[in-house]
Amino acid sequence: MMAASVEHILHTAKGHRLDVSQLAGLKSVTDRAIAEGHGASSWSSIIEVIAAGR
């Protein structure tokens, strides 16, 4: 997954004092997907985490 990219974009946006609420939500779901073993999977695996309501 592209968790490092999300982290980088989130950090950069915060540095520019941009609204990061959407990015923070994406980071949260990405972190949950990784914790559930989807770290090597594609972005589509995030749907499984969202659909399961975890």
(message) Checking Ile47 now: which residues fulfil side-chain contact (heavy atoms from CB on, under 4.5 Å) with it, not counting sequence neighbours?
(response)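 Partners of Ile47 by the side-chain contact (heavy atoms from CB on, under 4.5 Å) criterion come out as none, since no residue qualifies.
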(request) May I ask whether Leu18 and Ile9 are part of the same hydrophobic cluster, defined by side-chain heavy atoms of I, L, V, M, F, W, Y residues being less than 4.5 angstrom apart, directly or through others? (result)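 As far as the 4.5 Å side-chain criterion goes, Ile9 and Leu18 are not connected within one cluster.
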(message) Hydrophobic cluster membership, with links at side-chain heavy-atom distances under 4.5 Å among I/L/V/M/F/W/Y: are Val20 and Val6 in one?
(response)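 Each belongs to a different hydrophobic cluster.
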(request) With sequence neighbours excluded, tell me which residues meet side chain to side chain donor-acceptor pair (under 3.5 Å) with Lys14. (result)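 Listed in chain order: nothing, the list is empty.
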(request) Carefully, step by step, assess Asp31 and Lys27 under the rule side-chain contact (heavy atoms from CB on, under 4.5 Å). (result) CA-CA 6 Å; Asp31 289 345; Lys27 174 83 168 86; 2.8 Å; yes
Calculate, to the nearest 0.5 Å, the distance between atoms [atom1] and [atom2] belonging to [X] and [Y] respectively.
X     : Y     : atom1 : atom2 : answer
Leu26 : Glu7  : CG    : CD    : 11.0 Å
Ile46 : Glu36 : CD1   : CD    : 11.0 Å
His11 : His16 : NE2   : NE2   : 9.0 Å

(request) Ignoring hydrogens and angles, tell me if any N or O in the side chain of Ser45 forms a donor-acceptor pair with the backbone of Ser41 under 3.5 Å. (result)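 Not a single qualifying donor-acceptor pair exists.
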(request) Check Leu23 against Ala13 and note the closest heavy-atom contact, atom names and distance. (result)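 Of all heavy-atom pairs spanning Leu23 and Ala13, the closest is CD1-CB, 4.0 Å.
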(request) For Leu10 and Ala24, work out which heavy atoms get closest and say how close. (result)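 Nearest heavy atoms, Leu10 then Ala24: CD1-N, 4.0 Å.
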